[in-house]
Amino acid sequence: MQISPVLVKPGGVQSKFSEERMVGKLSTRLLNICVVSFCKARQLDKAESVIIDAVRLGIRPNVVTYNELIVGYCRLSSFESAYSLLQRMREARINPDVVTYNSLISGAARNCLLSKSLDLFEEMLQRGMAPDIWSFNTLMHCFFELGRPEEANQVFRDIILHGLSPCPATFNIMINGLCKNGYTSNALMLFRNLQRHGFVPELITYNILINGLCKVGRLGAARRMLKELSASGYLPNAITYTTVMKCCFRSRRFQQGLEILQEMRHKGYTFDGFADCTVVGALIKGGRIKEATNYMDQMMRNGIKHDLASYNTLMNLYCKVGKLEDAYQLLDEIEEGGLECDEYTHTILIDGLCKAGNIEGAQQHMKHMNVLGLKSHLVASNCVVDGLCKAGQIDNALKMFESMEMRDSFTYSSLVHNLCKARRYHCASKLLLGCINSGMKILRSAQWAVIDGLQYSGFQKEARKLKSKIRLAQMVQC
DNA sequence: ATAGGGTTAG
């Protein structure tokens, strides 16, 4: 039994003993603070060397130290290094705890190693460790993130089966997951049901729902939710404002959006550059390049430090005005500052190259992305497919389409439109049906381009046939 | 320690 140092009289042997222990504990806490700081700054090498120094001074790292390192490595998408810490813990005779496993589970999922997540969950059970509510929350979040809502729902049933009580975060994760997977109405129903059973929504819950409703264009419902947020005694925070502002820009209510920005400035919510990026992004999308440039300059003069997303916004600006030299240079500048360009950065550049007519450059950069291990390049591929079409290389675009592992509504819409422009209506018709039959939506305008095209070029019968096939496919899906 | 906002394509 440990003696509380406060209760021991000074000067005694026991006191000296517990003082040493206390100092040891304090040192370990200090070590952990250092480790956390370095991990957050993505300087894992420094975190490691601090630990080495500490051990030399006789300070022992504990389970928290290792847990922090695990989180750090997972963030750097270096799951292997994180996982190898389990072995190092064993060597240091430190037992992993639930937090260790929870961190590894979420880290594996973050790095698209879902089966590893499941294995770790299993391993945790086998080691006789009882998963806590956070293990299940994390697992559920993983499934939602990976677009597997059925399995996420199964996790919820498992929580109940294990006799654990869901916590508010459990419901927030569920509501968010449903929204992100296209089940916004179900999310709203769940929310109402929970309220009827006494669930008190947090501010975060309202933000999740407002965001979900905005994204599917249900602005009225979003506005009502915003009112409900205030009626519950919460004040909208920076996240609420950014969400609503973006929604205004999307629905082309520019003035209203800017008024929200003013209000945010007033409340001191614009310090982090999130709101600014939203505005610049909206200006670029609206073709108001000059204003976007001025705004970005102002942003820098205000001393906002670039993070990756704001660099990406700048990259987008360079590309949209055709400053591709600057864009390439920015690529280096970002990495010199210790950040790592992500799929956004590269995709923006690839699209810029396509739009500037440099298809070869775009294709080369696609290869570069592959080398970097950025494998979720669906958007980038879509840019190149569209670029190839626009450069008059439709057959090459079709070849690329055939070779793609994933295709979405953008891929099909782009190809169908461009095939129609080239008057290849029969080919377009085949693709259109392939798209709808696989349960994907396609731009209405692309659909009509095919039907009208067939009709006006003397294929009335084919046009009628296509229409009824589309209707049938859509009926089957309901 | 794990949940919510900003940046990409038709």
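If you're wondering where the values come from, they're calculated on a predicted model, not measured in any experiment.
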Ring pair (Phe, Tyr, Trp, His ring centres under 6.0 Å) filter on Phe254(A), not counting sequence neighbours, yields Phe249(A)
The complete set of side-chain hydrogen bond (donor to acceptor under 3.5 Å, both in side chains) pairs with one or both residues in residues 363-373 of chain A, sequence neighbours excluded, reads His346(A)-His365(A)
Counted 5' to 3', the first and last nucleotides of DNA chain B within 4.0 Å (strictly under) of a heavy-atom of chain A are dA1(B) to dG10(B)
*asked:* Once you apply a heavy-atom cut-off of 4.0 Å, does Arg75(A) come out as touching a base, just sugar-phosphate, or nothing?
replied: sugar-phosphate
- Message: Using a heavy-atom cut-off of 4.0 Å across all strands, would you classify Asp342(A) as base, sugar-phosphate, or nothing?
- Response: nothing
The complete set of side-chain hydrogen bond (donor to acceptor under 3.5 Å, both in side chains) pairs with one or both residues in residues 133-142 of chain A, sequence neighbours excluded, reads Asn102(A)-Ser135(A), Asp132(A)-Ser135(A), Asn137(A)-Thr170(A)
- Decide, yes or no, whether a salt bridge links Arg75(A) with Glu340(A) under the criterion of side-chain N to carboxylate O below 4.0 Å. no
With sequence neighbours left out, the residues meeting side chain to side chain donor-acceptor pair (under 3.5 Å) with Thr205(A) are Asn172(A)
Applied to residues 395-414 of chain A, the ring-ring contact (aromatic ring centres under 6.0 Å, His included) test, sequence neighbours excluded, yields Phe401(A)-Tyr412(A)
* Look at all strands and tell whether Asn418(A) reaches a base, only sugar-phosphate, or nothing, counting heavy atoms closer than 4.0 Å. => nothing
Sorted by chain and residue number, the salt bridge (charged side-chain N to carboxylate O under 4.0 Å, His left out) partners of Lys390(A) (sequence neighbours excluded) come out as Asp386(A)
For Asn137(A), answer base if it contacts any base atom (sugar-phosphate contacts may also be present), sugar-phosphate if it contacts only those atoms, and nothing otherwise; contact means non-hydrogen atoms under 4.0 Å. nothing
inquiry  = Over all strands shown, is Leu443(A) touching base, sugar-phosphate only, or nothing at heavy-atom distances under 4.0 angstrom?
reply    = base
The side chain to side chain donor-acceptor pair (under 3.5 Å) partners of Asn207(A) (sequence neighbours excluded) come to Asn237(A), Thr240(A)
Report task. Determine the contact category for Asp351(A): base if any of its heavy atoms lies under 4.0 Å from a base atom, sugar-phosphate if only primed atoms, P, OP1 or OP2 are that close, otherwise nothing. Result -> sugar-phosphate
Sorted by chain and residue number, the ring pair (Phe, Tyr, Trp, His ring centres under 6.0 Å) partners of Tyr328(A) (sequence neighbours excluded) come out as none
Note: contacts of residues 397-412 of chain A with DNA chain B (heavy atom, under 4.0 Å) are Asp408(A), Ser409(A), Phe410(A)
task: For Lys441(A), report the nucleic acid contact type (base, sugar-phosphate, nothing); a contact means any heavy atom under 4.0 Å.
output: nothing
Could you check whether Thr313(A) gets within reach of a base, just the sugar-phosphate, or nothing at all, counting any heavy atom under 4.0 Å?
sugar-phosphate
- [ ] Quick one: label Ile204(A) by what it contacts on the DNA or RNA (base, sugar-phosphate, nothing), any heavy atom closer than 4.0 Å.
- [x] base
Numerically ordered, the residues 273-280 of chain A set in heavy-atom contact under 4.0 Å with DNA chain B is Gly273(A), Phe274(A), Cys277(A), Thr278(A)
Those residues at least two apart in sequence (or on a different chain) that pass ring pair (Phe, Tyr, Trp, His ring centres under 6.0 Å) with Phe171(A) are Phe199(A)
Is the side chain of Asn153(A) donor-acceptor paired with the backbone N or O of Phe156(A) at a distance under 3.5 Å, no angle test? no
